[in-house]
Structures are given as structure tokens and as C-alpha cells.
Amino acid sequence: MINHELIHTLHQLSRRLTNKLNEALKPTGLYGSQWAVIFVLKNKGSLTQKELSEYLAVEAPPMTRTIQRMVKQGYVKQIPGQDKREKRVQLTDEAHAKYPEWEKIVIELNKSLLPKSHKEELYQLQKSWLEQLY
């Protein structure tokens with residue numbers, strides 16, 4: 001029963017963290033799902049929508065909606081890929097300019113939520129679990 005409760009608690013924690021992130025980013029007009037895309041693109045460069053979906057474990061339809069919203073906001077652009085069906089997604093200059101503001105909000109939220117002790121242990125545990133799920 002402890003396994004079931006642990007996994008349930010992790011799901012609940014994930015939802016609560018998402019809600020907190022959405023609240024913190026609300027003044028910027030971003031949602032946590034958009035921040036995730038921005039963070040990945042900032043760190044990995046341009047990716048296809050499929051690569052983004054796979055990396056973030058998000059199904060194609062919600063990812064399409066998120067990307068379309070971000071294109072309208074002027075934060076990402078889609079450029080042709082190697083074949084006609086493929087489009088690469090990359091951050092715009094506007095997104096690069098606003099990134100430090102967004103990152104500061106996320107960093108402050110993270111500092112307020114993470115316990116001072118055991119950070120490294122939590123990180124290693126999460127990393128290990130994530131590797132097992134791939």
C-alpha cells in the first residue's frame with residue numbers, strides 16, 4: 001500500500017507544483033507548460049515539435065496548442081525542417097530578452113518551495129526515477 005500512496009502523493013505534488021508555477025508566472029502571461037517549452041529551447045536550441053513532445057512527455061495536440069499560443073505571443077517561431085512536414089521550433093529574440101525575467105520568477109519560486117536540507121538527495125532520487133521511466 002505504501003507504493004500506491006507514494007505514487008499518489010507524487011502525482012498530487014506535481015499538480016500542486018504546477019499550480020504554484022502558474023500562479024507565479026501569471027503576471028507575465030505565461031503558463032507553466034509554456035515555461036517548460038521555453039526552458040527546453042533555451043537549453044537545447046531549436047527542436048522539432050515531436051522532439052519537444054517526447055522530451056516533455058506531452059501528447060501532440062496539447063503541444064500544438066501550446067506552440068500556437070506561443071507563436072501568437074511572439075515567443076517562438078517555427079522554421080522549416082529537413083522535410084516539408086517537419087517544423088523546428090525556436091525562441092524568438094523577444095523570448096531571449098524576457099528569459100531572465102521569467103527565470104528569476106521560477107528561481108524564486110523554487111527557492112521558496114525546496115527544503116534547505118536534502119536537495120541533492122531529492123535531485124538524485126528524481127533523476128534516478130526519471131531514467132527508469134525512459
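On a predicted model such as this, the values are computed, not experimentally measured, just so you know.
- Across all non-hydrogen atoms, the minimal contact from Trp102 to Ile38 is CZ3-CD1, 3.5 Å.
- Here Arg16 contributes atom CZ and His11 contributes atom NE2; the two are 15.0 Å apart, rounded to the nearest 0.5 Å.
- Lys26 is not listed as a side-chain neighbour of Glu23, based on a closest heavy-atom distance of 4.5 Å or more.
- For the atom pair Glu86 CD and Ile79 CD1, the distance stands at 9.5 Å (nearest 0.5 Å).
- In this structure, Gln12 CD and Leu17 CG are separated by 11.0 Å, a value rounded to the nearest 0.5 Å.
- One N or O on the side chain of Thr9 and one on the backbone of Glu5 form a donor-acceptor pair closer than 3.5 Å.
- Dense packing is recorded around CD of Gln124, with more than 12 heavy atoms of other residues, nucleotides or ligands lying under 6.0 Å away.
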Show every donor-acceptor pair shorter than 3.5 Å between a side-chain atom in residues 41-51 and any protein atom, with sequence neighbours excluded, or say none if there are none.
{"from": "Asn43", "atom 1": "ND2", "to": "Phe39", "atom 2": "O", "distance (Å)": "2.7"}
{"from": "Ser46", "atom 1": "OG", "to": "Arg88", "atom 2": "NE", "distance (Å)": "3.2"}
{"from": "Thr48", "atom 1": "OG1", "to": "Glu51", "atom 2": "N", "distance (Å)": "3.0"}
{"from": "Thr48", "atom 1": "OG1", "to": "Glu51", "atom 2": "OE1", "distance (Å)": "3.4"}
{"from": "Gln49", "atom 1": "NE2", "to": "Thr64", "atom 2": "OG1", "distance (Å)": "2.5"}
{"from": "Glu51", "atom 1": "OE1", "to": "Thr48", "atom 2": "N", "distance (Å)": "2.8"}

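- The shortest non-hydrogen separation linking Leu109 to Ala24 is CD2-CB, 4.2 Å.
- Here the side chains of Val71 and Thr92 are not in contact, with every heavy-atom distance at 4.5 Å or above.
- In this view, Asn22 and Thr18, Tyr31 satisfy the side chain to side chain contact (heavy atoms under 4.5 Å, CB included) rule, not counting sequence neighbours.
- Of all heavy-atom pairs spanning Gln78 and Val89, the tightest one is CG-CG2, 4.3 Å.
- Across every non-hydrogen atom of Ser53 and Ala60, the tightest pair is OG-CA, 4.2 Å.
- In this structure, the side chains of Gln34 and Val76 stay at 4.5 Å or more apart for every pair of heavy atoms.
- Between Leu52 and Thr66, the closest side-chain pair of non-hydrogen atoms is not below 4.5 Å.
- The closest side-chain heavy-atom distance from Leu30 to Tyr75 is below 4.5 Å.
- Atom CZ of Arg69 sits about 6.5 Å away from atom OG of Ser33, to the nearest 0.5 Å.
- Linking ILVMFWY side-chain heavy atoms closer than 4.5 Å, directly or via other members, places Leu6 and Leu125 in a single hydrophobic cluster.
- Nearest heavy-atom pair, Lys20 versus Leu113, reported as atom, atom and distance to 0.1 Å: CB-CD1, 4.4 Å.
- Closest approach of Ala36 and Leu56 over heavy atoms only: CB-CD2, 4.0 Å.
- Distance check: Lys104 NZ to Thr28 OG1 gives 13.5 Å after rounding to the nearest 0.5 Å.
- Among pairs with a residue in residues 89-100, those fulfilling salt bridge (charged side-chain N to carboxylate O under 4.0 Å, His left out) read Glu94-Lys98, at least two apart in sequence or across chains.
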